[in-house]
Trainee: 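Structure in structure tokens, see below.
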Amino acid sequence: MINLRAAAIDIGTNSCRLLIGERKSENNFDVLTRKLEITRLGEGVDQNKRLKEAAVERVFKALKKYRAIIDDYQVEITRVIGTSALRDVDNSELLGDRVSELGFKLEIISGKKEAELNYLGAASNLDDDFLLIDIGGGSTEFIWPEAEEIKFESLNLGCVRMTEKFICKPEQKTNAAEINEIHNYVEALLRSKLNFDKSFQLKGVGGTITTLAAVKLGMEDYDSSRVENLKISLSELNQIIDKLSGLTLKKRKEIKGLQPKRADIIISGLIILKDILEYINSSELYVSDQDLLYGLLKAELLK
């Protein structure tokens, strides 16, 4: 049905995002609006394996706003998914019950399903020898081709998780010891879980990587069209890590392109990205905004 409208909501470890699209033909759809709120659902999850009531309330407030937007756009189909933070806790019903109050149904998806949706979202923009990565708040998804199959791996590496584990005082400058601890942890996990025997063209999705692009471009207001397929070199990434780690949180919040609410966790996310680039011996990556939300809309609108 042409003009069918669908909404996709991703309740992540760090942020809660909305994407609304409208079907234009059997093969494409238009994005009508996108919204993002930093809700930090994963606060304390790595240590306690439980959701905090305050974090659930932050998500609920964001979803309440999204409910009004979805109603204004007269959306026919809505999918609400939860990822890493909700996979890790034993009281996810705390959020599920609040979500249902708004007429939504929460789906907690596996790391594999998260990777599949990222691939579906980005597939039209991928080369033959690609490695697609999504660095989230609690996990990082890897998608790559092998023997005519698409392989998926999800690791418990995320910018919120690494910050809580290794950075004692995010309000201060990030010291070399903290950076080295994150690096050692990430590198050990990559070596134990991923074994690649070829080189890849790297494409990255997710908030850490799109924020890196926005910082590189010095964007006052986020513009998805400027981010799509932007190339970032390893040397540029290193320069940005050096710059941000040498700033206090207050100063980091003043950097153009960096959302103030992401300023305390961005360094951990960028170190994860740097380690991935070095691990696969790549000197650059390309950025995409077409991630799992885009994949969800594809699944609903282009059936």
Trainee: For Glu53, I'd like to know if atom CD has over 12 heavy atoms of other residues, nucleotides or ligands within 6.0 Å.
Mentor: no

Trainee: Step through the shown structure and confirm whether more than 12 heavy atoms of other residues, nucleotides or ligands are within 6.0 Å of CD on Gln74.
Mentor: no

Trainee: May I have the step-by-step check of side-chain hydrogen bond (donor to acceptor under 3.5 Å, both in side chains) for Asn27 and Ser25, ending in yes or no?
Mentor: CA-CA 5 Å; Asn27 301 315; Ser25 72; 4.9 Å; no

Trainee: Check ring pair (Phe, Tyr, Trp, His ring centres under 6.0 Å) between Tyr185 and all other residues, then give those that pass, not counting sequence neighbours.
Mentor: Phe166

Trainee: Between Asp134 and Lys203, does any NZ, NE, NH1 or NH2 come within less than 4.0 Å of an OD or OE carboxylate oxygen?
Mentor: no

Trainee: Do NZ/NE/NH1/NH2 and the carboxylate oxygens of Asp90 and Lys49 come within less than 4.0 Å?
Mentor: no

Trainee: Identify all side-chain donor-acceptor contacts of residues 238-248 below 3.5 Å with residues at least two apart in sequence or on another chain.
Mentor:
{"unit_1": "Asn238", "atom_1": "OD1", "unit_2": "Lys274", "atom_2": "NZ", "d": "2.9"}
{"unit_1": "Asn238", "atom_1": "ND2", "unit_2": "Leu234", "atom_2": "O", "d": "3.3"}
{"unit_1": "Ser245", "atom_1": "OG", "unit_2": "Ile241", "atom_2": "O", "d": "2.8"}
{"unit_1": "Ser245", "atom_1": "OG", "unit_2": "Asp242", "atom_2": "O", "d": "3.3"}
{"unit_1": "Thr248", "atom_1": "OG1", "unit_2": "Lys251", "atom_2": "N", "d": "3.4"}

Trainee: Starting from the C-alpha separation in whole Å, work towards a yes-or-no answer on side chain to side chain contact (heavy atoms under 4.5 Å, CB included) for Lys256 and Met219.
Mentor: CA-CA 6 Å; Lys256 288 182 181 178; Met219 288 199 294; over 6 Å; no

Trainee: Which Ile, Leu, Val, Met, Phe, Trp or Tyr residues join Leu36 in one cluster when any pair of side-chain heavy atoms under 4.5 Å counts as a link?
Mentor: Ile38

Trainee: Grab the two heavy atoms, one from Phe104 and one from Leu63, that are nearest each other, plus how far apart they are.
Mentor: CE1-O, 4.0 Å

Trainee: Counting N and O atoms only, with roles assigned by atom type, does the side chain of Gln172 sit under 3.5 Å from a partner on the main chain of Leu249, one being a donor and the other an acceptor?
Mentor: no

Trainee: Distance-only, no hydrogens or angles: does the Ser139 side chain make a donor-acceptor pair with backbone N or O of Ser154 under 3.5 Å?
Mentor: no

Trainee: With sequence neighbours left out, what residues match Ala6 under side chain to side chain contact (heavy atoms under 4.5 Å, CB included)?
Mentor: Ile77, Leu297, Glu300, Leu301

Trainee: Could you tell me which residues satisfy salt bridge (charged side-chain N to carboxylate O under 4.0 Å, His left out) with Lys64, sequence neighbours excluded, listed by chain and number?
Mentor: none

Trainee: Run Lys61 and Glu57 through salt bridge (charged side-chain N to carboxylate O under 4.0 Å, His left out) and show every step you take.
Mentor: CA-CA 6 Å; Lys61 287 180 179 178; Glu57 191 59 30; 5.2 Å; no

Trainee: Quick check against the 3.5 Å criterion: does Asp30 have a side-chain atom that pairs as donor or acceptor with the backbone of Leu32?
Mentor: no

Trainee: How many angstroms lie between CG in Leu190 and CG in Leu157, if you round to the nearest 0.5 Å?
Mentor: 6.0 Å

Trainee: Work out which heavy atom in Arg161 is nearest to a heavy atom in Gly138; give both atom names and the distance.
Mentor: NE-O, 2.7 Å

Trainee: Going through the distances and angles, do Asp129 and Gln201 end up as a side chain to side chain contact (heavy atoms under 4.5 Å, CB included)?
Mentor: CA-CA 6 Å; Asp129 289 323; Gln201 179 83 263; 5.7 Å; no

Trainee: Passes salt bridge (charged side-chain N to carboxylate O under 4.0 Å, His left out), Arg17 versus Asp291? Steps please.
Mentor: CA-CA 11 Å; Arg17 302 180 299 140; Asp291 61 4; 2.7 Å; yes

Trainee: Under the criterion salt bridge (charged side-chain N to carboxylate O under 4.0 Å, His left out), I'd like the reasoning laid out for Asp88 against Arg50: C-alpha separation, chi angles, the key distance, then a yes or no.
Mentor: CA-CA 8 Å; Asp88 289 348; Arg50 293 184 66 81; over 6 Å; no

Trainee: Tell me, please, which residues at least two apart from Arg5 pass salt bridge (charged side-chain N to carboxylate O under 4.0 Å, His left out).
Mentor: Glu22

Trainee: Sequence neighbours left out, what passes ring pair (Phe, Tyr, Trp, His ring centres under 6.0 Å) with Phe196? Give chain and number order.
Mentor: Trp144, Phe200

Trainee: Run the side chain to side chain contact (heavy atoms under 4.5 Å, CB included) test on Val160 and Arg40 for me, step by step, so that the C-alpha distance in whole Å, both residues' side-chain angles and the decisive distance to 0.1 Å come before the verdict.
Mentor: CA-CA 8 Å; Val160 174; Arg40 205 59 66 85; 3.9 Å; yes

Trainee: Mark yes or no: Arg23 above the aromatic ring of Phe29, with NZ or CZ under 6.0 Å from the six-membered ring centre and no more than 45 degrees from the axis.
Mentor: no

Trainee: Is it true that Asp46 and Lys165 have a side-chain N and a carboxylate O under 4.0 angstrom from each other?
Mentor: yes

Trainee: Between Lys261 and Glu37, is the closest basic N to carboxylate O distance under 4.0 Å?
Mentor: no

Trainee: Rounded to the nearest 0.5 Å, what's the gap from OG on Ser225 to CG on Leu230? Could you check?
Mentor: 11.5 Å

Trainee: Which Ile, Leu, Val, Met, Phe, Trp or Tyr residues join Phe130 in one cluster when any pair of side-chain heavy atoms under 4.5 Å counts as a link?
Mentor: Tyr119, Leu126, Leu132, Ile143, Ile150, Phe152, Val205

Trainee: Within this structure, what is the OG1-CZ distance for the pair Thr39 and Arg58, rounded to the nearest 0.5 Å?
Mentor: 7.5 Å

Trainee: Run the salt-bridge test on Arg67 and Asp72 with the 4.0 Å N-O cut-off and return the result as yes or no.
Mentor: no

Trainee: Going by salt bridge (charged side-chain N to carboxylate O under 4.0 Å, His left out), name the residues that satisfy it together with Arg252, two or more places apart in sequence or in a different chain.
Mentor: none

Trainee: Calculate, to the nearest 0.5 Å, the distance between atoms CG and CD1 belonging to Asp289 and Ile209 respectively.
Mentor: 11.0 Å

Trainee: Would you please name every residue forming a salt bridge (charged side-chain N to carboxylate O under 4.0 Å, His left out) with Glu107, sequence neighbours left out?
Mentor: Arg79

Trainee: Working to the nearest 0.5 angstrom, can you tell me the gap between Ile276 CD1 and Leu202 CG?
Mentor: 7.5 Å

Trainee: For the pair Lys298 (side chain) and Leu120 (backbone), establish whether a donor and an acceptor sit closer than 3.5 Å, ignoring hydrogens and angles.
Mentor: yes

Trainee: For the CD1 atom of Ile133 and the CG atom of Asn118, what is their distance to the nearest 0.5 Å?
Mentor: 10.5 Å

Trainee: So which pairs with a foot in residues 151-160 pass salt bridge (Lys or Arg N to Asp or Glu O under 4.0 Å), sequence neighbours left out?
Mentor: none

Trainee: Can you pull the salt bridge (Lys or Arg N to Asp or Glu O under 4.0 Å) pairs that have at least one residue in residues 172-185, sequence neighbours excluded?
Mentor: none

Trainee: Go through Leu277 and Ser283 one step at a time and tell me if the side chain to side chain contact (heavy atoms under 4.5 Å, CB included) criterion holds.
Mentor: CA-CA 7 Å; Leu277 279 164; Ser283 62; over 6 Å; no

Trainee: Do other residues, nucleotides or ligands put more than 12 heavy atoms under 6.0 Å from Asn3 CG?
Mentor: yes

